[in-house]
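Note sheet for the following structure.
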Amino acid sequence: MPLKVGLVGCGAIGAEIAKAIDSGVVDAELIAVCDHNPQTALALIESLQHKTKKADLAELVRLSDVVVEAASQKAVPAVARAALAAGKRLMIMSVGALADMDLFREIKSLAKSHCSQVYIPSGAISGLDALKSARAGRIERVTLTTTKNPSGLRGAPYIMENRIDLDSLSGPTQIFSGSAIEAVRAFPANVNVAATLYLAAGEKEVLVKVFADPNIRVNRHEIEVEGDFGRFFTRVENVPSPRNPKTSYLAALSAISTLRSIVEPIKIGT
Ligand SMILES: NC(=O)C1=CN([C@@H]2O[C@H](COP(=O)(O)OP(=O)(O)OC[C@H]3O[C@@H](n4cnc5c(N)ncnc54)[C@H](O)[C@@H]3O)[C@@H](O)[C@H]2O)C=CC1
Ligand SMILES: O=C([O-])CC(=O)C(=O)O
């Protein structure tokens with residue numbers, strides 16, 4: 001029996017996951033989809049060879065083995081509670097929601113008490129393998145420096161609240177510096193990866209810097225970690241999703257890869 005996947009959120013990431021299942025890249029069945037916007041869900045279903053159904057959250061959870069959240073930080077509490085209380089496995093893309101430590105602990109406890117599991121893909125960054133290994137020893141410092149084109153940052157709460165004029169920039173400009181928790185609130189659709197780093201490092205504070213650069217065409221994430229193991233530095237220059245410039249294509253690929261790892265008998269890497 002193939003793994004039954006229910007998809008919440010049919011945007012840039014959701015559509016790539018659906019396409020990967022539809023084309024057999026992931027050996028699973030897309031059992032149902034839902035989206036705030038019914039037209040978005042219907043358009044996705046229409047684009048697939050193997051038709052699936054549009055469902056509400058309750059029905060989607062009932063039909064699924066794994067519920068994939070690819071919607072928004074705001075969607076996470078309801079999706080996580082519904083999926084885990086029903087004993088279903090859960091993948092979370094809007095990881096920034098888990099910077100709310102009360103919610104994180106609730107999700108962890110629900111997963112444990114219902115013998116379920118929560119998957120948090122690497123998303124748009126590299127280096128989580130080494131960070132997880134480093135965590136077995138002492139980690140001294142974690143820094144994330146994210147640079148995006150203004151088109152990928154527009155509309156973020158931090159930009160609006162501070163009335164930052166992105167159009168006036170002529171070169172790379174630091175527009176934010178703060179903790180992971182502050183960063184995911186300030187840029188909920190840009191630096192979910194900060195929360196992923198924070199959790200992978202064992203709730204170790206992450207210094208997050210966000211740059212806007214009108215001349216950059218990639219979403220760049222640079223990570224520096226120092227600890228007992230030594231030091232590592234990674235840089236990913238991500239192709240932005242054509243559908244959503246805030247989101248990197250690699251984030252969708254990481255969700256697809258995580259789904260594959262659930263069904264593959266051999267697991268590679270930490
Ligand atoms: N972990 C990571 O590395 C990354 C995480 N993300 C996050 O993943 C999520 C999905 O990203 P994208 O596909 O690029 O976003 P998107 O904006 O292209 O698509 C999201 C879709 O979810 C729908 N939606 C929003 N709230 C919903 C709800 N409560 N219930 C049902 N549907 C809902 C929207 O109508 C939209 O169609 C976002 O929260 C984004 O910030 C994005 C990139 C990287
Ligand atoms: O896709 C990216 O470059 C990262 C991103 O938006 C996020 O972590 O929210």
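First listed ligand is number 1; within each ligand, the first listed atom is number 1. Here the structure is a predicted model, which is why all the values come from computation and not from measurement.
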Has the side chain of Asp22 got a donor or acceptor atom that lies under 3.5 Å from a matching backbone atom of Leu48?
no
Val33-Ile31 co-clustered via ILVMFWY side chain contacts under 4.5 Å
no
Checking Asp213 now: which residues fulfil side-chain hydrogen bond (donor to acceptor under 3.5 Å, both in side chains) with it, not counting sequence neighbours?
none
Atom 7 (C) of ligand 2: nearest protein contact (heavy atom, Å):
Asn190 O, 3.1 Å
Could you list which atoms of ligand 1 come closer than 4.0 Å to a heavy atom of Pro188?
41 (O)
For Val193, atoms of ligand 2 separated by under 4.0 Å from a heavy atom:
8 (O)
Hydrophobic clusters here meaning ILVMFWY residues chained together by side-chain heavy-atom distances under 4.5 Å, can you tell me if Leu259 and Val118 are in one?
no
For atom 19 (O) of ligand 1, the closest protein heavy atom turns out to be Gly11 CA, 3.2 Å
Give the atom numbers and elements of ligand 2 that come within less than 4.0 Å of a heavy atom of Lys148.
2 (C), 3 (O), 4 (C), 5 (C), 6 (O)
Nearest neighbour in protein (non-hydrogen) for atom 24 (N) of ligand 1
Ala71 CB, 3.7 Å
In this structure, atom 32 (N) of ligand 1 is nearest to the protein heavy atom His36 N, 2.9 Å
Looking at non-hydrogen atoms alone, which of Ser248, Pro188, Ser241 comes nearest to atom 2 (C) of ligand 2?
Ser248
Do Ile13 and Val25 land in one hydrophobic cluster if side-chain heavy atoms of ILVMFWY residues count as linked below 4.5 Å?
yes
Tell me, which protein residue and heavy-atom name are nearest atom 9 (O) of ligand 2, and how many Å apart are they?
Asn192 ND2, 2.8 Å
Is the shortest side-chain N to carboxylate O distance from Glu222 to Arg235 below 4.0 Å?
yes
Are any of the heavy atoms in Val193 under 4.0 Å away from ligand 1?
yes
Which heavy atom of the protein is the closest neighbour of atom 17 (O) of ligand 1, given with residue, atom name and distance?
Asn244 ND2, 3.6 Å
Going through the distances and angles, do Ile256 and Val26 end up as a side chain to side chain contact (heavy atoms under 4.5 Å, CB included)?
CA-CA 7 Å; Ile256 292 165; Val26 180; 3.7 Å; yes
Side chain, backbone, both or neither: the part of Val191 lying under 4.0 Å from ligand 2 by heavy atom
backbone
Relative to atom 5 (C) of ligand 1, which among Gln39, Met93, Glu69 owns the nearest non-hydrogen atom?
Met93
Test of understanding: with ring pair (Phe, Tyr, Trp, His ring centres under 6.0 Å), list the residues that count as partners of Tyr249, not counting sequence neighbours.
none
For Phe232 and Glu224, run side chain to side chain contact (heavy atoms under 4.5 Å, CB included): C-alpha distance rounded to whole Å, both residues' side-chain angles, the deciding distance at 0.1 Å, then the answer.
CA-CA 6 Å; Phe232 78 79; Glu224 191 177 358; over 6 Å; no
Checking the side chain of Glu69 only, and the main-chain atoms of Ser72 only, is there a donor and an acceptor separated by less than 3.5 Å?
yes
Would Ser248 count as being in polar contact with ligand 1, using the rule that some N or O on each side must be under 3.5 angstrom apart?
no
Quick check: do Asn162 and Ile175 have side-chain heavy atoms less than 4.5 Å from each other?
no
Just to be sure I'm reading this right: ignoring hydrogens, which of Ala124, Pro245, Ala251 gets closest to atom 44 (C) of ligand 1? Compare them by their nearest heavy atoms.
Ala251
Where the closest heavy atom to atom 35 (O) of ligand 1 is concerned, which of Ile120, Asp35, Leu7, Asn37 has it?
Asp35
Find all atoms of ligand 1 within a distance of less than 4.0 Å from any non-hydrogen atom belonging to Gly123, and give their numbers and elements.
2 (C), 3 (O)
Out of curiosity, is Gly123 lining ligand 2, as in a heavy atom under 4.0 Å away?
no
Would you say Asn190 and Asn219 make side-chain contact, with heavy atoms under 4.5 Å?
no
Non-hydrogen side-chain atoms of Ser122 and Thr196 separated by less than 4.5 Å:
no
Sidechain N-carboxylate O distance under 4.0 Å for Asp167, Arg154:
yes
Enter the distance from Leu30:CG to Ile45:CD1 here, rounded to the nearest 0.5 Å.
8.0 Å
Report the part of His221 (side chain from C-beta onward, or backbone N, CA, C, O) that has a heavy atom under 4.0 Å from ligand 2; answer both or neither where that applies.
side chain
Nearest protein heavy atom to atom 18 (O) of ligand 1, by residue and atom, and its distance?
Ala12 N, 3.0 Å
Taking the inter-plane angle between the rings of Phe176 and Tyr158 on a 0 to 90° scale, is it parallel (under 30°), tilted (30 to 60°) or perpendicular (over 60°)?
perpendicular
Heavy-atom contacts with Val95 under 4.0 Å: which atoms of ligand 1 show up? List them by number with element.
1 (N)
Under 4.0 Å to a heavy atom of Thr40 - the qualifying atoms of ligand 1, by number
37 (O)
Atoms of ligand 1 less than 4.0 Å from Ser94 heavy atoms?
8 (O), 9 (C), 38 (C), 39 (O)
Only heavy atoms of Ala124, strictly under 4.0 Å: list the atoms of ligand 2 that pass.
1 (O), 2 (C), 3 (O), 4 (C)
Any N/O of Thr247 closer than 3.5 Å to an N/O of ligand 1?
yes
Before signing off on this row, confirm whether Thr247 and ligand 2 have an N or O atom pair separated by under 3.5 Å.
no
Has ligand 1 got any nitrogen or oxygen that is less than 3.5 angstrom from a nitrogen or oxygen of Ser122?
no
Do Glu205 and Val142 come within less than 4.5 Å of each other through their side chains, counting heavy atoms only?
no
With heavy atoms and a 4.0 Å threshold, my read on which part of Ile13 contacts ligand 1 is both
Going through the checks in order, is the side chain to side chain contact (heavy atoms under 4.5 Å, CB included) test met by Leu63 and Lys53?
CA-CA 11 Å; Leu63 296 171; Lys53 75 184 296 186; 3.9 Å; yes
Would you kindly specify which portion of Ala189 sits under 4.0 Å from ligand 2, judged on non-hydrogen atoms: side chain, backbone, both or neither?
backbone
If we set the cut-off at 4.0 Å for heavy atoms, which region of Ser241 has an atom near ligand 1: side chain, backbone, both, or neither?
neither
Considering only the protein, which heavy-atom contact is closest to atom 29 (N) of ligand 1, and what is its distance?
Ala75 CB, 3.2 Å
Nearest protein heavy atom to atom 7 (C) of ligand 1, by residue and atom, and its distance?
Asn192 ND2, 3.6 Å
So does Arg217 get a backbone contact from the side chain of Asn149, meaning a donor-acceptor N/O pair under 3.5 Å?
no
If you measure from each heavy atom of Ala15 to ligand 1, is any distance below 4.0 Å?
no
